Amino acid sequence: MSPINITRLYQKLAKNLPEAKSELAFKNHFELLIAVILSTQSTDKTVNKVTPTLFASCPTPVAMLAMGQSRLATIIKPIGLAPAKSKNIINTCKIILEKHAGKIPGTREELEQLPGVGRKTANVVLNEGFDKPTIAVDTHVFRVSNRTGLAPGKTVLTTELKLLEVTPEKWLKNAHHYLILHGRYTCKAKNFDCQYCVIKKECGFTEKTNN
DNA sequence: AACTCGGGGCA
DNA sequence: TGCCCAGAGTT
């Protein structure tokens, strides 16, 4: 078995996806954290529809608490899962004020204590807000990593650790964006067509059982 | 491990 | 119009 050329794989994805970067609009750690929590089961573009309005009236945790859960839910309704997300955001703001002096913590352990923040969300915040070498693994990244053989793993966590291990430092910052876009538009869960894939030579997926 | 939340995106 | 999620929390 010949190991896949990982550097070449990233080079080709980068060349094919020059726009592969975060589209979330945020000005500081607080806005980043809230925007990423809102991104759960949604998209950056959808989140950007409500965050300008939201952050204009709620630029801080204190302002968010003053706004209140029900009014927050009304503002973020277009994103989906509004009841759960608004509740989590309010409780997260309380913890940030009570335990972190109003500042967003920069460690995985502290971030994952916040309601609405799981492994994936924490990784995005650490990567984009604190320049930590993390790769956020969602269903797309998980599928692409396994199907191509880039970072096979039985669970999302094992795939994430494998990705960190095999990904050259140069590609660490944007690996998530390359893999997620590749998964969304080319290496789709169903009805994918390897004929149009730019990394088919680097890919270990041999059973071309399309459609 | 399975279920739920929910509007968006897309065929 | 129906299907599938750019997940996390609960049971």
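We name chains A, B, ... by the order of the sequence lines, and we start the count at 1 in each one. Computed from a predicted structure; not experimentally measured. Hydrogens, waters and symmetry mates play no part in the numbers below; they use all other heavy atoms, side chains included.
Positionally, the nearest nucleotide of DNA chain C for L181(A) lies more toward the 5' end than for the other of E112(A) and L181(A). For the pair R184(A) and S42(A), both in contact range of DNA chain B, the more 5′-proximal nearest nucleotide belongs to S42(A).
Atoms CD1 (I37(A)) and P (dG6(B)) sit 16 Å apart, rounded to a whole Å. Between K87(A) atom NZ and dG6(B) atom P there is a gap of 11 Å when expressed in whole angstrom units. At whole-Å resolution of the value, OH in Y185(A) and C1' in dC5(C) are 13 Å apart. Between K85(A) atom NZ and dG7(C) atom P the separation is 8 Å, expressed in whole Å. Between the CZ atom of R119(A) and the P atom of dA8(C) there is a distance of 11 Å, given to the nearest Å. Whole-Å rounding puts the D138(A) CG to dA8(C) C1' distance at 14 Å. Spacing between atom CG of D193(A) and atom P of dA11(B) amounts to 14 Å, rounded to whole angstrom units. Atom CG in L38(A) sits about 15 Å away from atom C1' in dG8(B), given to the nearest Å.
Ion pair K99(A)/E110(A) not flagged as a salt bridge, since none of the NZ, NE, NH1 or NH2 atoms sits closer than 4.0 Å to an Asp/Glu carboxylate oxygen.
Spacing between dT1(C) and dG6(B) at atom P, rounded to whole Å, works out to 23 Å. The same atom, P, is picked in dC10(B) and in dG7(C); the two are 15 Å apart, to the nearest Å.
As judged by a 4.0 angstrom heavy-atom cut-off over every strand, V117(A) is placed among residues touching the sugar-phosphate backbone only. Using a 4.0 Å heavy-atom cutoff across all strands shown, K190(A) reaches sugar-phosphate atoms only and no base atom. Counting any heavy atom pair closer than 4.0 Å across all strands shown, K77(A) reaches sugar-phosphate atoms only and no base atom. Within 4.0 Å of T40(A), counting heavy atoms only, lies at least one base atom of the nucleic acid.
Closest contact between the side chain of K120(A) and the listed nucleotides dG8(B), dA8(C), dC5(C) involves dA8(C). Here dC5(C) is the nucleotide among dG6(B), dC5(C), dG7(C) with the atom lying nearest to any side-chain atom of A189(A). Listed candidates were dG6(B), dA8(C), dG8(B). Nearest to the side chain of L81(A) is dG6(B). Side-chain proximity of P78(A) to the nucleotides dG8(B), dG7(C), dG9(C) is greatest for dG8(B).
Both tests do not hold together for R143(A) against F192(A): distance to the six-membered ring centre under 6.0 Å, angle to the ring axis within 45°.
Listed by chain and number, the residues in a salt bridge (Lys or Arg N to Asp or Glu O under 4.0 Å) with K27(A) are E31(A) (sequence neighbours excluded).
Applying the ring-ring contact (aromatic ring centres under 6.0 Å, His included) test to residues at least two apart or on different chains, the pairs with a partner in residues 109-136 of chain A are H29(A)-F130(A).
A 4.5 Å side-chain heavy-atom check between L72(A) and L54(A) finds at least one atom pair inside the cut-off.
Side-chain atoms of S39(A) and S42(A) form no donor-acceptor pair, as typed in the model, at a separation below 3.5 Å.
For T46(A), no side-chain nitrogen or oxygen approaches OP1 or OP2 of dG7(B) to under 4.0 Å.
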